[in-house]
Amino acid sequence: MPSSITWGLLLLAGLCCLVPASLAGGLQGDAAQDASEHDHDSASHKIAPNLADFAFSLYRQVAQESNTTNIFFSPVSVATAFALLSLGAKGDTHTQILEGLDFNLTERAEADIHKGFQTLLHTLNQPDNQLQLTTGNGLFINESAKLAAKFLEDAKKLYHSDAFSINFQDSEEAKKLINDYVEKGTQGKIVDLVKEVNPDTVFALVNYIFFKGKWEKPFEADQTTEEDFHVDQDTTVRVPMMHRLGMFDLYYCDKLSGWVLLMDYVGNATAFFILPDDGKLPHVETMLTKEVLTKFLNKRHRRSASLHLPKLSISGTYDLVKVLGKMGITKVFSHGADLSGISEETPLKLSQAVHKAVLTMDEKGTEASGATFLEAIPMSIPPTVKFDRPFVLVMYDKDTQALLFVGKVVNPTQK
């Protein structure tokens, strides 16, 4: 008989941006066969709008907590971890997780959701010498626990998960093994993600995403100078400000009341930077939708400009129990959780869910490397656009149409 004790289930969604391992194919159940490239694209594209809605819902929830701190997270990382977890959830617990990720279960079959994640991960993890993008899922299972074979099989097939046997009662060693896994997967960008591990934990799910890219049009380091960044009306900090005079995908958006800049990485990723007019940041935050991003992508307009963009390194750490709880995902964190699809022998609940994201942005992109870029610009006097006050950024993968990262830079000097 199952014990009356509800044991801890630890979920950690870890991420690093400037951001991804190799994924295998295989569809669930009877559909277990490799899909064509077209099927791969269409499956991931079908869930992309849901993931975008989830990304902006999560952003707005986090933004409500504080308007004085930087925001940075990976909606893909968080959604992947919880979608994987839903494989073992049943009843209201199952429904809440998928609906909390902005999926309408009356409009989309669950099998299509998991296939979408499978193809999303497969595509993101294709080797690319231009852009490093790797994601991974690690299942850490207590030595004494017996997890359902189907859950482990589906987690491996659909989410390319690695499984590890671990002794959670040796909490220090368990913490080290999990942190080492995340640190290795994020190439040293995220260290000590887990601060403590409950010895009663039976199962930990760890998701990471790592991205490293180079700008198609890099900045020159000798053009970077110390300039003012206006955190708010009363606070100004000095930051290294990158500068380049050239051609940019840049235009002023009346609807948002701010400048919109699109900068491509070498490869398949694009970064959006949105610089609101003074006092218009809350307006921009309420207006952010997938439709707005689509409009930006379809309305690319090259123009000459003198661009100033801060060089920075910021991070965000989030207690997902608290944040997602306010978005309707509550059952999985309670004693009423039904995760019997993970383990029938031991009642489980999700006791901890942590997400950490790190962003480093410099002249070359995410890390320094040698390159020189020259281009001709029109003779007319170009506008000067300075990202010297709080702005919003979004990182987008063109192949999968997925939002890899979403953030807000309030203070570039705030780590």
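All values derive from a computational prediction rather than experimental measurement. Start at 1 with the first residue, then count along the sequence. Computed from heavy atoms alone, side chains included, the values below leave out hydrogens, waters and symmetry copies.
Looking only at distances, a side-chain donor or acceptor of Tyr181 sits under 3.5 Å from a matching main-chain atom of Gly138. Counting only distance, with no hydrogens or angles, the side chain of Arg303 and the backbone of Tyr251 share no donor-acceptor pair below 3.5 Å. Side chain of Asp277 to backbone of Lys280: no donor-acceptor contact under 3.5 angstrom is found. Under the 3.5 Å distance criterion, the side-chain polar atoms of Asn70 are matched with a main-chain donor or acceptor of Val410. Listed for the Thr330 side chain is no donor-acceptor partner under 3.5 Å among the backbone atoms of Gly325. Looking only at distances, no side-chain donor or acceptor of Ser86 sits under 3.5 Å from a matching main-chain atom of Ala89. In terms of modelled atom types and a separation under 3.5 Å, the side chain of Arg108 and the main chain of Ile47 share no donor-acceptor contact. Under a 3.5 Å cut-off, the side chain of Gln96 and the backbone N or O of Val332 do not form any donor-acceptor pair. Between the side chain of His45 and the main chain of Asp399, a donor-acceptor pair closer than 3.5 Å is present. A distance-only check finds no donor-acceptor pair linking the side chain of His122 to the backbone of Leu158 [under 3.5 Å].
At a threshold of 4.0 Å, the pair Lys311-Glu363 counts as salt-bridged, since one of the basic side-chain nitrogens sits closer than that to a carboxylate oxygen. Ion pairing between Asp338 and Lys90 fails under the 4.0 Å rule for side-chain N and carboxylate O. Classification of Lys290 and Asp102 as a salt-bridged pair fails, no side-chain N sitting under 4.0 Å from a carboxylate O. Ion pairing of Glu172 with Lys175 is present here, as a side-chain N (NZ or NE/NH1/NH2) and a carboxylate O approach within less than 4.0 Å.
At least one side-chain heavy atom of Ser257 sits less than 4.5 Å from a side-chain heavy atom of Tyr252. Side-chain contact between Leu121 and Asn137: present, with at least one pair of heavy atoms (C-beta onward) separated by less than 4.5 Å. Residues Asn268 and Gln126 are not in side-chain contact: their nearest non-hydrogen atoms beyond the backbone lie 4.5 Å or more apart. Between Ile141 and Leu152 there is a side-chain heavy-atom pair separated by less than 4.5 Å. Counting only heavy atoms from C-beta outward, the side chains of Glu110 and His94 approach each other to under 4.5 Å. Between Thr317 and Lys195, the closest side-chain pair of non-hydrogen atoms is not below 4.5 Å. Using a 4.5 Å heavy-atom cutoff, the side chains of Lys398 and Asp264 are in contact. Here the side chains of Val292 and Thr289 are in contact, with some heavy-atom distance below 4.5 Å.
Heavy-atom minimum distance, Phe229 versus Pro310: CE1-CG, 4.3 Å. The shortest heavy-atom contact between Val354 and Leu193 is CG1-CD1, 4.1 Å. Between Arg389 and Asp278, the shortest heavy-atom contact is CD-OD1, 3.2 Å. Closest of all the heavy-atom pairs between Ala402 and Leu120 is CB-CD1, 3.7 Å. Between Val231 and Pro390, the closest heavy-atom pair is O-CG, 3.4 Å. Of all the heavy atoms in Ala83 and Leu101, the pair that sits closest is N-CD1, 3.9 Å.
Taking the six-membered ring where the residue is Trp, His355 and Tyr318 present parallel rings, their angle staying beneath 30° rather than reaching 60°.
Residue-environment remark: CD (Glu226) exceeds the threshold of 12 foreign heavy atoms within 6.0 Å. Within 6.0 Å of atom NZ in Lys184, 12 or fewer heavy atoms from other residues, nucleotides or ligands are found, so the atom counts as exposed in its surroundings.
Atoms CG and OH, on Leu297 and Tyr396 in that order, are 5.0 Å from each other to the nearest 0.5 Å. To the nearest 0.5 Å, atoms CZ (Phe296) and CG (Leu261) are separated by 11.0 Å. To the nearest 0.5 Å, atom CG of residue Leu309 and atom CG of residue Asp362 are 11.0 Å apart. Here the NE2 atom belonging to His114 is positioned 5.0 Å from the OH atom belonging to Tyr159, to the nearest 0.5 angstrom. Rounded to the nearest 0.5 angstrom, Lys356 NZ and Ser77 OG are separated by 13.5 Å. Separation of atoms OG1 (Thr106) and CD (Glu99) is listed at 8.0 Å; rounding is to 0.5 Å.
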Notebook entry, point to check: Do Thr400 and Val76 pass the side-chain contact (heavy atoms from CB on, under 4.5 Å) test, and can you show the C-alpha distance, the side-chain angles, and the key distance before you say yes or no?
Noted result: CA-CA 11 Å; Thr400 62; Val76 165; over 6 Å; no

Next item on the list: List the steps and the verdict of side chain to side chain donor-acceptor pair (under 3.5 Å) for Glu227 and His243.
Entry: CA-CA 11 Å; Glu227 295 185 28; His243 171 248; over 6 Å; no

Notebook entry, point to check: Can you check side-chain contact (heavy atoms from CB on, under 4.5 Å) on Val409 and Leu393, steps first, answer last?
Noted result: CA-CA 8 Å; Val409 177; Leu393 63 95; 3.7 Å; yes

Notebook entry, point to check: Given Asn125 and His160, is the side-chain contact (heavy atoms from CB on, under 4.5 Å) satisfied, shown in steps?
Noted result: CA-CA 11 Å; Asn125 284 279; His160 195 73; over 6 Å; no

Notebook entry, point to check: Between Asn142 and Thr201, does a side-chain contact (heavy atoms from CB on, under 4.5 Å) hold up when you go through it step by step?
Noted result: CA-CA 7 Å; Asn142 196 55; Thr201 300; over 6 Å; no

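In this structure, Phe168 has its ring center at least 6.0 angstrom away from the ring center of Phe140. In this structure, Tyr265 has its ring center under 6.0 Å from that of Trp215.
Every side chain to side chain donor-acceptor pair (under 3.5 Å) that Asp232 has, sequence neighbours left out, goes to Thr235.
Tested against Leu85 for a side-chain contact (heavy atoms from CB on, under 4.5 Å), the candidates Asn207, Thr80, Thr93, Leu350 yield a single pass: Leu350.
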